[in-house]
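Residue numbers start from 1 in every chain, and the chains themselves are labelled A, B, ... in the order their sequence lines are given, proteins ahead of strands. It should be emphasised that the depicted structure is a prediction, and the values quoted were computed from it without experimental measurement.
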Amino acid sequence: MVFENKFIQQRIEKAEFLRNAGINPYSNDSKRNTSIEKYIYVNSDIQEKENKRDERRHYTISGRIKLFRIMGKASFLQIEDESGVLQVYITRDNLPEGFYNDIFKKIIEVGDIVEVSGYPFITGKGELSLHTSEFKLLTKAIAPLPEKFHGVTDKEIRYRKRYLDLIMNSDVRKTFKIRSKVISLTRRFFEDKGFLEVETPMMHPIAGGANAKPFVTHHNALGIDRYLRIAPELYLKRLIVGGFEAVFEINRNFRNEGMDATHNPEFTSIEFYWAYKTYKDLIEITKEYFKYLFDHLNLPTILPYGEIEVNFKNFQEIPLIESLSSIGGVPSEIVYDKEKIVEFLKSKNLTVKPGLNLGQLQGELFDEFVEDKLIDPTFITEYPVEISPLARRSDENPEITERFELFIAGREIANAFSELNDPVDQLGRFQGQMAAKESGDDEAHEMDADFIEALSYGMAPTAGQGIGIDRLVMLLTNEHSIRDVLLFPAMKPIHNEEQNQEEEV
RNA sequence: GUCUCGUUAGCUCAGCUGGUAGAGCACGUCACUUUUAAUGAUGUGGCCGAUGGUUCGAAUCCAUCACGGGACACCA
């Protein structure tokens, strides 16, 4: 059972003791009238006051006890609320008769959530504090907090019990505040541009819009399986067909694949679609978007990321084929020759899957020799049509598409293209994907006949883009694991959790 | 999926070439009315990740498994 630990038992007894003394250990009678941040700001003038105090002021603050120093008849606490930490000074003689010795010293401890009232003063060591005249327990913590100096460092505990991580590591709160701001700013940026935020289904009859394995769930009333969406793309384009000219959706996608430092089964992206625009317009709006984020987050344009630095003022643009030789060092004479590419890859001791077409081989070259060298933001353009089943062909060269991916710090951050709106071409590409699926590629796209029908009514020329929010936040917060930018990352079940699930079946 | 490192008290960690468990914090008791990880004294607290094996004897050696970290492979 959860509460069999001796320390917890001891604290449950303390809560009982309080109840017997007529004190509610879980009072909701909070009278807080300021945050710690405001208290510190408003009382910053106390330093100049006579006696370094102002007994006419009176504040009530609340928060969790993080440090507890009893020195006989006086004590110092450090209390933390969401906004900050404040030192509180408490003496026996300023509290009701007996309270300090019988309740405060015996029952109150680190982890408890308390409320204190009093006046501001500066201690002998020069720290703005609160001189307490009233003290109340709001919430008794029956579980002891981790060690006060080292806190909790075990990543497994931090991810599984994020609440403990948040209590102990205030920097973690900063990361998630930035994440929240990024999402909020993204929403505002696109709204200000006239985009409409929409919500499309998360349960799809056909998992489309990306190359990925879906999760399957079951609809009992209909007796049919549904897929958790791997991308909202095909629904958002249906909306463009319907006459909306600028839409976006910020939400979760689900992919039934492996988990590692850059992959979580559910992840957040923004996808936006913009009628009467091309991928070139997307390059411009993307630059603008980054500038908007950096301005509003007050980030320096040269941002450290681990060992490297990324210059967010230095956006580059280069066609994929050109990048193979100019950045990847691949001999330019081989990049259109399947045999020679295979030979080249093998000469670098890389295993090459048999039966890849030219575009796929060019993609292999890019992944292998170019991607991790793209540090400053780089738009790689003109993707081969074979690896871009939803992108519009270039009018000049039908072998390539009007597409780009944005790479920063060696990672893909965004994927965008002028959308394919020729229904017959789209049908042909779906058929190609189905052939790939039959020959064993279980990540190939499925045929979506209704989507083809939608296109057959005519979709205005449209540009669309997806940006991975988790990876963007990683970049902006200098985090190197997606788990550090997800409040509750997916974790494998611990042993007895697994057993319980089997018992329920 | 492969390789590699880790898992010991609520937390942070010691524990050598095998001899049956340690520290600090926290908690209990005592002292202390301006401390800063307060201090001093003293005490309680362990299925040493799980299961097997080797051994007279395993936290320690071996095997398998589970979970986590890192690297590689695939994907966003």
Side-chain angles (χ1 to χ4, degrees), chain A residues 2-11 13-14 52-53 65-78 85 87-94 100 105-107 109-111 121-127 129 131 141-161 164 167-168 209-213 230-231 253-269 271 350-351 353 364 367-368 405-407 411-415 442-443 466-472 474 480-483 489 491-499:
Chain A
V2 200
F3 295 142
E4 68 194 13
N5 178 284
K6 293 164 198 73
F7 299 106
I8 293 181
Q9 280 304 330
Q10 209 170 59
R11 284 163 174 246
E13 283 162 23
K14 286 183 179 182
K52 305 211 171 193
R53 65 189 58 215
I65 299 176
K66 296 300 288 291
L67 288 174
F68 201 172
R69 297 187 283 274
I70 296 183
M71 307 176 45
K73 298 176 190 66
S75 296
F76 289 91
L77 311 186
Q78 271 184 13
V85 184
Q87 177 169 271
V88 163
Y89 178 65
I90 295 177
T91 61
R92 184 193 64 186
D93 300 339
N94 284 300
Y100 183 83
K105 273 167 73 176
K106 281 190 168 19
I107 304 297
E109 57 207 314
V110 168
F121 79 114
I122 307 273
T123 64
K125 296 282 160 71
E127 183 169 340
S129 306
H131 203 292
I142 60 169
L145 282 188
E147 205 253 358
K148 64 185 173 188
F149 188 58
H150 300 93
V152 52
T153 58
D154 184 311
K155 292 217 168 174
E156 183 163 1
I157 298 176
R158 293 186 46 213
Y159 298 147
R160 286 191 197 275
K161 305 179 189 234
L164 254 192
I167 290 172
M168 299 308 295
N211 289 49
K213 290 180 211 157
I230 55 175
N253 295 312
F254 307 88
R255 299 196 182 173
N256 205 341
E257 291 162 356
M259 292 152 55
D260 61 29
T262 55
H263 296 84
N264 196 67
E266 49 184 305
F267 63 98
T268 300
S269 68
E271 286 200 17
L350 297 164
T351 50
K353 273 188 248 165
E364 290 286 313
D367 292 346
E368 207 56 56
E405 289 195 9
L406 172 62
F407 292 87
R411 293 230 186 95
E412 185 195 337
I413 291 292
N415 183 17
D442 53 3
E443 291 186 356
I467 301 173
I469 297 290
D470 310 288
R471 290 185 181 179
L472 176 61
M474 285 168 69
H480 291 71
S481 170
I482 196 169
R483 295 191 178 105
M491 300 292 280
K492 289 193 193 175
I494 51 173
H495 210 55
N496 46 21
E497 194 178 334
E498 222 167 23
Q499 283 173 344

Give a yes or no on whether a salt bridge exists between A:Arg11 and A:Glu109, defined as a side-chain N under 4.0 angstrom from a carboxylate O. yes
Counting only Watson-Crick and G-U wobble pairs with both atom distances below 3.5 Å, the stems of 3 or more consecutive pairs that include RNA chain B are B:1-7 with B:66-72, B:10-13 with B:22-25, B:27-31 with B:39-43, B:49-53 with B:61-65
For a quick check of understanding: with a heavy-atom distance under 4.0 Å over all strands, which category does [X] fall into, base, sugar-phosphate or nothing?
X        : value
A:Thr153 : sugar-phosphate
A:Met168 : nothing
A:Arg411 : nothing
A:Gly151 : sugar-phosphate
A:Phe121 : base

Can you sort out the partners of A:Ser481 under side chain to side chain donor-acceptor pair (under 3.5 Å), two or more places apart, ordered by chain and number? none
Integer angstrom distance from the [atom1] of [N] to that of [M]:
N     : M     : atom1 : value
B:G19 : B:C11 : P     : 26 Å
B:G46 : B:G10 : P     : 8 Å
B:U7  : B:U29 : P     : 35 Å
B:U20 : B:A58 : C1'   : 9 Å
B:A38 : B:C62 : C1'   : 49 Å
B:C65 : B:C27 : P     : 42 Å
B:A63 : B:A21 : P     : 26 Å
B:C48 : B:U60 : C1'   : 10 Å

Ring centres under 6.0 angstrom apart (A:Phe121, A:Tyr89): yes
Counting side-chain heavy atoms from C-beta on, which of [options] comes nearest to [X]?
X        : options             : value
A:His150 : B:C67, B:G69, B:U12 : B:U12
A:Leu67  : B:C67, B:A38, B:U35 : B:A38
A:Gln78  : B:C11, B:G46, B:U36 : B:U36

Above 12 or not: heavy atoms from other molecules or residues under 6.0 Å from NZ of A:Lys105? yes
Check: [N] base within 3.5 Å donor-acceptor of [X] side chain:
X        : N     : answer
A:Thr123 : B:U35 : yes
A:Gln87  : B:U35 : yes
A:Asp260 : B:A71 : no

Rounding to an integer number of Å, can you tell me how far A:His480 NE2 sits from B:A71 C1'? 15 Å
What string of B, S and - do you get for nucleotides 25-32 of chain B, 5' to 3', when a contact is any protein heavy atom under 4.0 Å? BBSS---B
Return no unless some side-chain N or O of A:Lys125 is found under 4.0 Å from OP1 or OP2 of B:U34. no
